[in-house]
Amino acid sequence: MMNTQLTLNKMVERAEQLFPNKEIVSRTSSGIQRFTYKEMGERTRRLASALEQVGVRKGDRVATLAWNDHRHLEAYFAIPSMGAVLHTINIRLSPQHIVYIINHAEDKVLLIDQDFLPVIEAIKDELKTVQAYVVLNDEMELPESTLTPLHSYEKMVANGNPNYQYPDDLNENEPAGMCFTSATTGLPKGVVYSHRGITLHSMALGLADTAGLSESDIMMPVVPMFHANAWGLPFAATWFGTTQVLPGPQFTPEVLAELIQSERVTITAGVPTIWLGLLKEFENGEKEYDTSSLRAVLCGGSAAPMGMIRTFETKYNIPFLHAYGMTETSPLVTVSRLKSNQEDLPEEEKLAVRAKQGYVVPGLEIKVVNDEGDVEWNGEEMGELLIRGPWIADEYYNDDRTQEAFRNGWLHTGDIVTIDEEGFIKITDRTKDLVKSGGEWISTIELENALMAHEAVFEAAVVGVPHPKWQERPVACVVLKPEAAASKEELLDFLKPQFAKWWLPDDIIFMDEIPKTSVGKFLKTKLREQLKDHLKV
Ligand code: ADP
């Protein structure tokens, strides 16, 4: 067979050629803007030539601090297609972590949404390698800023060469992108994506048994483009000619609901926190939304509570698709779709299967191991999930922590799972979040899901708290729905029939809000810190 190179320039070139009139709908600070793939393709070429003008060369890292909008999408293609490396920075990291990752990646140019100029201005003196800044906004005039040299993105695009040709000697194994996992403890760890990895991952997103992304979809990524490349969706969507709806800055559940309605979105993607917020918007009943266009809500990043899936599907007729992955895995690893032999199961059982993280997508391999070796596929025995495949990282970028996670050709995920007879994995915890009570493991995710199925509970996070006798015991932190009421005893009674007695939380603490990480997951390190003496007295 021919060994042609799987490189990202081919994706955007295909979109320009085959889908010149399909649209990218971008919400920016000044409203909704629309671009065709023809325009987007041309702007991308102009941007690449302009970046060359400011000194970007093959292999250089060019970073973005940006929302999900059309400019970010153009950067997604211009930077890798010219042979440079797109480094997407998580805008919610602490300033110290942002300094660390920019210096560690040795970024040469930063593309910064004007909303985040103050973040970079405050740390500019600590940045060792940055040679130029580019501000992303709708205007050509530069805003007031202490950053120098500062360029206007729109001016660069306007002055760029619309006929710029991408180099034709890109090798598919060269780096195209990089992203740091937010790592809830310690410094962020860098993952480098190759052209080949991103291309094969994109292909996987198009399979009917995964997300089935297609030209006929209208795709809205709510997951940020700085978080595992918005799960790779913008790459795949551009390649396939899918219409994209990019929700832009500071969106609220209301904004998302309105975009779904007005743009007739067919598939959207994000973490459970986003969907819990959207559910709140639906439930408060002030406005009615037409969401009938939706064929799938891709939900991952943390466990999708079964109660939430049920409400969306039965009450609002919005189908959920639960998926699992990590920054290290591009990220798609498993999708929870029923197999044809499971279609006849009772509704509740089907829901329970679909609330699992699913089985491995074609192209990857997984196994689950504990101290004794491979665990049995019985849905009960727990072990660590190991993954390998062509879109799985094989190291952390210049980082000693590589050896811990990448061993014997497998990525050791740190996720503790069970795997059932059909190969569906179920994440019971991350190694560091498991509660170990009297030597036995308790899954915090299962307790959380059970609590979140109670009608009064909006969110629940369970953490292990040091205990004088049992080393650790689970304590639940619960946020109630507005105007709902439930006592601690009531919630414990609700859990009792579902779990062994020793699994039940020693305490339930009511809170106004659960602290979250920069990507919207429960910040369990903080809860553990807050509660560390809670059971000692
Ligand atoms: P971070 O380390 O900042 O959370 P990632 O987004 O890479 O960054 O997180 C990957 C982790 O998220 C996985 O290792 C797993 O623990 C968790 N995760 C991802 N998807 C799911 C899911 N569907 N259900 C439960 N946990 C998930």
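Position 1 is the first residue of the sequence; numbering continues from there. Quantities reported herein were computed from a predicted structural model and do not represent experimental measurements. For ligands, and for the atoms within them, numbers begin at 1 and follow the listed sequence.
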Ligand 1-proximal atoms of [X], by part, heavy-atom distance under 4.0 Å:
| X | result |
| --- | --- |
| Cys299 | neither |
| Ala303 | both |
| Met326 | both |
| Asp415 | side chain |

*Taking atom types as modelled, find out whether Thr266 and Asp217 have a side-chain donor-acceptor pair closer than 3.5 angstrom.*
yes

_What I want to check is whether the side chains of Ser437 and Arg473 have a donor and an acceptor closer together than 3.5 Å._
yes

*Which of these passes salt bridge (charged side-chain N to carboxylate O under 4.0 Å, His left out) with Glu459: Lys516, Lys280, Lys521, Lys481?*
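Among Lys516, Lys280, Lys521, Lys481, the one that satisfies the salt bridge (charged side-chain N to carboxylate O under 4.0 Å, His left out) with Glu459 is Lys516.
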
*Without swapping roles, check the side chain of Glu313 against the backbone of Phe320 for a donor-acceptor pair under 3.5 Å.*
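Yes, the answer is positive, given that a donor and an acceptor are paired below the 3.5 Å cut-off.
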
*Atom indices of ligand 1, in the order listed, that fall short of 4.0 Å to a heavy atom of Gly301*: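 Counting atoms of ligand 1 from 1, those under 4.0 Å from Gly301 are 12 (O), 17 (C), 18 (N), 19 (C), 20 (N), 21 (C), 27 (C).
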
*Find all atoms of ligand 1 within a distance of less than 4.0 Å from any non-hydrogen atom belonging to His322, and give their numbers and elements.*
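Within the 4.0 Å cut-off of His322, ligand 1 contributes 22 (C), 23 (N), 24 (N).
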
Show me, pair by pair, the donor-acceptor contacts under 3.5 angstrom made by side chains of residues 221-238, not counting sequence neighbours?
{"from": "Thr238", "atom 1": "OG1", "to": "Pro234", "atom 2": "O", "distance (Å)": "2.8"}
{"from": "Thr238", "atom 1": "OG1", "to": "Gln244", "atom 2": "NE2", "distance (Å)": "2.9"}

State whether the shortest distance between N or O atoms of [X] and N or O atoms of ligand 1 falls below 3.5 angstrom.
| X | result |
| --- | --- |
| Gly300 | no |
| Ile445 | no |
| Gln357 | yes |
| Thr413 | no |

*For the residue pair Phe312 and Phe282, categorise the inter-ring angle as parallel (less than 30°), tilted (30 to 60°) or perpendicular (more than 60°).*
perpendicular

*State yes or no: are the ring centers of Phe406 and Tyr396 separated by less than 6.0 Å?*
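Yes, close enough.
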
*Ring centres of Phe116 and Trp67 under 6.0 Å apart?*
yes

*asked:* Applying salt bridge (charged side-chain N to carboxylate O under 4.0 Å, His left out), can you list everything that pairs with Lys315, at least two apart in sequence or on another chain?
replied: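 Checked Lys315 against salt bridge (charged side-chain N to carboxylate O under 4.0 Å, His left out); matches are Glu283.
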
*Could you tell me if any non-hydrogen atom of Gly325 lies under 4.0 Å from any atom of ligand 1?*
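Contact check Gly325 vs ligand 1: positive.
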
*Check if Gly414 has a non-hydrogen atom at a distance under 4.0 Å from any atom of ligand 1.*
no

*Look at atom 2 (O) of ligand 1 and find which of His227, Arg430, Lys521, Lys426 reaches it with the closest heavy atom.*
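The residue whose heavy atom sits nearest atom 2 (O) of ligand 1 is Arg430.
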
